[in-house]
Amino acid sequence: MSEFPGKGLAKGLAVTLKTMTKRSTTRQYPDVEPDLPPRSRGVIALVEENCTVCMLCARECPDWCIYIDSHKEEVQVPGAARARQRNVLDQFDIDFSLCMYCGICIEVCPFDALYWSPEFEYAEYDIRDLLHDKERLGEWVETVPPPPAHDANGESAKEETAARKSQLAG
Amino acid sequence: MPLWVELILRVLAVVAAFLTLPLLIGQTEHKVMAHMQGRLGPMYAGAFHGWAQLIADGVKFVQKEDVTPREADRPVFRLAPVVALLPYLVVLLVIPLGPSGLVAQPLDIGLFFVLSVVGVGVVSVLMAAWASANKYALLGGLRAAAQLLGYELPFVLAAASVAMAAGTLSLPGIVEAWRPWWLVWQAPAMLIFFLAGLAEIRRPPFDMPIADSELVFGYMTEYTGLRFAFFLLAEYVGILVIAALTTVLFLGGWKGPFGLDAELGWLWTLIKVAAVSFVIIWFRVAYPRLREDQLQRLCWLVLVPLALAQLVLTVAVKVAL
């Protein structure tokens with residue numbers, strides 16, 4: 001294995017000495033905030049105005065941790081022949097004691113009402129307090145970071161390509 | 001200055017060194033070991049990088065309950081930590097810090113005295129092991145006895161080699177006689193002395209008697225509170241003593257490369273002791289524990305023959321010169 005006796009011993013000393021000169025991997029978490037990437041899955045934020053109570057998120061949720069309740073409201077639109085109906089959100093709860101942070105609800109939401117936020121410090125002493133209602137979920141919206149910029153060398157979005165093609169054609 | 005004032009000053013200086021330097025070594029061990037493992041080590045005690053961690057540990061140990069097992073041999077059990085600690089304090093008395101009598105107590109037979117006193121350590125281990133009335137402690141104690149008696153031999157032979165080379169048993173005398181080329185001439189003896197010294201203070205990779213993964217904590221299993229802290233302190237003082245002895249015997253003590261030995265001698269000694277202590281800590285991080293048979297094989301089949309060969313070499317060169 002080794003060419004001369006004691007090579008392994010010297011190697012052991014070299015490795016430890018090298019490690020000592022490098023920066024340690026320890027993060028001093030409570031004192032120093034962790035540097036989280038913008039796509040971190042910390043908590044789910046709800047933009048209530050965007051929600052149309054389509055129930056897609058609640059239906060797609062693998063462990064059914066989203067509870068939605070709503071009622072219909074008549075809206076009188078001036079000039080319209082009859083009153084329109086509108087869904088009003090009464091309850092939107094996410095039980096973070098069940099949530100497994102898969103992000104499917106955020107993926108399926110057609111109206112961009114749900115967002116990931118990197119906030120993660122919402123531990124509770126009582127498991128029941130992990131049920132966040134729509135007010136609490138709305139508070140997380142402030143912490144949602146702006147989406148990361150597109151990769152300069154990446155493929156551009158389908159819409160952009162299509163627009164450019166139509167410009168060339170027109 | 002009357003004799004008794006000087007005496008008190010010297011003893012106080014040794015006690016001060018005995019109380020501060022081991023803590024310094026312990027703190028260095030915490031930090032060096034942590035960084036060698038990619039960690040930070042203590043960061044909170046004392047606000048700045050955990051400098052007061054060992055003081056905090058000391059306060060904690062004092063507060064803990066001092067438990068003596070019911071089946072234990074009480075006086076022996078209680079005496080063992082003191083017996084572990086005291087020899088090292090006595091050894092520090094005769095270790096020279098600098099030239100022209102910068103030593104607490106110059107002894108003509110300093111080396112002989114040091115070797116015999118360090119050997120008392122095995123008694124404390126056996127006392128602790130037997131008096132604990134615990135099978136783990138007993139196993140650890142027997143392992144320690146086998147290890148310490150075995151390694152005593154290369155330890156003494158290596159020290160004898162340098163004593164023969166210097167033609168004196170006095171520690172300041174050995175430093176006086178030391179020449180830089182001895183680093184090559186006495187290199188095997190230095191290595192043997194250093195390794196055997198590590199085994200004498202039961203430091204990893206020679207910590208078979210403690211072996212926490214198999215013997216709980218060896219002969220220290222039953223100890224708590226201040227008495228346990230005494231054993232830990234003895235380990236750190238042991239590092240200091242072995243580092244200081246290696247420095248004095250093999251690294252030229254107060255002799256530095258720039259010729260300001262009279263003024264800066266004490267600093268050279270301290271720097272060398274710190275460097276050797278660092279190597280002792282480094283060994284602990286780098287190497288796994290030796291198995292019991294590997295431990296004995298290294299001693300009897302490698303270190304002892306090598307020490308005897310070094311003795312022959314020393315005599316040959318000494319006669320030739």
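Just so we're on the same page: letters track the sequence lines, and every chain starts at 1.
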Peer 1: Considering heavy atoms only, which positions within residues 144-155 of chain B lie below 4.5 Å of chain A?
Peer 2: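 Checking residues 144-155 of chain B against chain A gives no residue, so none.
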Peer 1: Taking 4.5 Å as the heavy-atom cut-off, does anything in residues 184-193 of chain B contact chain A, and if so which residues?
Peer 2: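 Within residues 184-193 of chain B, near chain A: nothing under 4.5 Å.
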Peer 1: Below 3.5 angstrom, are there any donor-acceptor pairs between chain B and chain A, and if so, which atoms and how far apart?
Peer 2:
unit_1: B:G38; atom_1: O; unit_2: A:T25; atom_2: N; d: 3.0
unit_1: B:G38; atom_1: O; unit_2: A:T25; atom_2: OG1; d: 3.1
unit_1: B:L40; atom_1: N; unit_2: A:T26; atom_2: OG1; d: 3.4
unit_1: B:Y44; atom_1: OH; unit_2: A:D31; atom_2: OD2; d: 2.7
unit_1: B:W282; atom_1: NE1; unit_2: A:L13; atom_2: O; d: 3.1
unit_1: B:W282; atom_1: NE1; unit_2: A:T16; atom_2: OG1; d: 2.9
unit_1: B:Y287; atom_1: OH; unit_2: A:L9; atom_2: O; d: 2.6

Peer 1: Got a sec, which residues hit side chain to side chain contact (heavy atoms under 4.5 Å, CB included) with B:L240, two or more places apart in sequence or on another chain?
Peer 2: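 For B:L240 the side chain to side chain contact (heavy atoms under 4.5 Å, CB included) partners, ignoring immediate neighbours, are B:L21, B:P22, B:I25, B:L92, B:V273.
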Peer 1: For A:I127, look at atom CD1 and say whether over 12 heavy atoms of other residues, nucleotides or ligands are found less than 6.0 Å away.
Peer 2: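 Result for CD1/A:I127: open.
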Peer 1: Chain A heavy atoms under 4.5 Å from B:M33: which part of the residue, side chain, backbone, both or neither?
Peer 2: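 No part of B:M33 comes within 4.5 Å of chain A.
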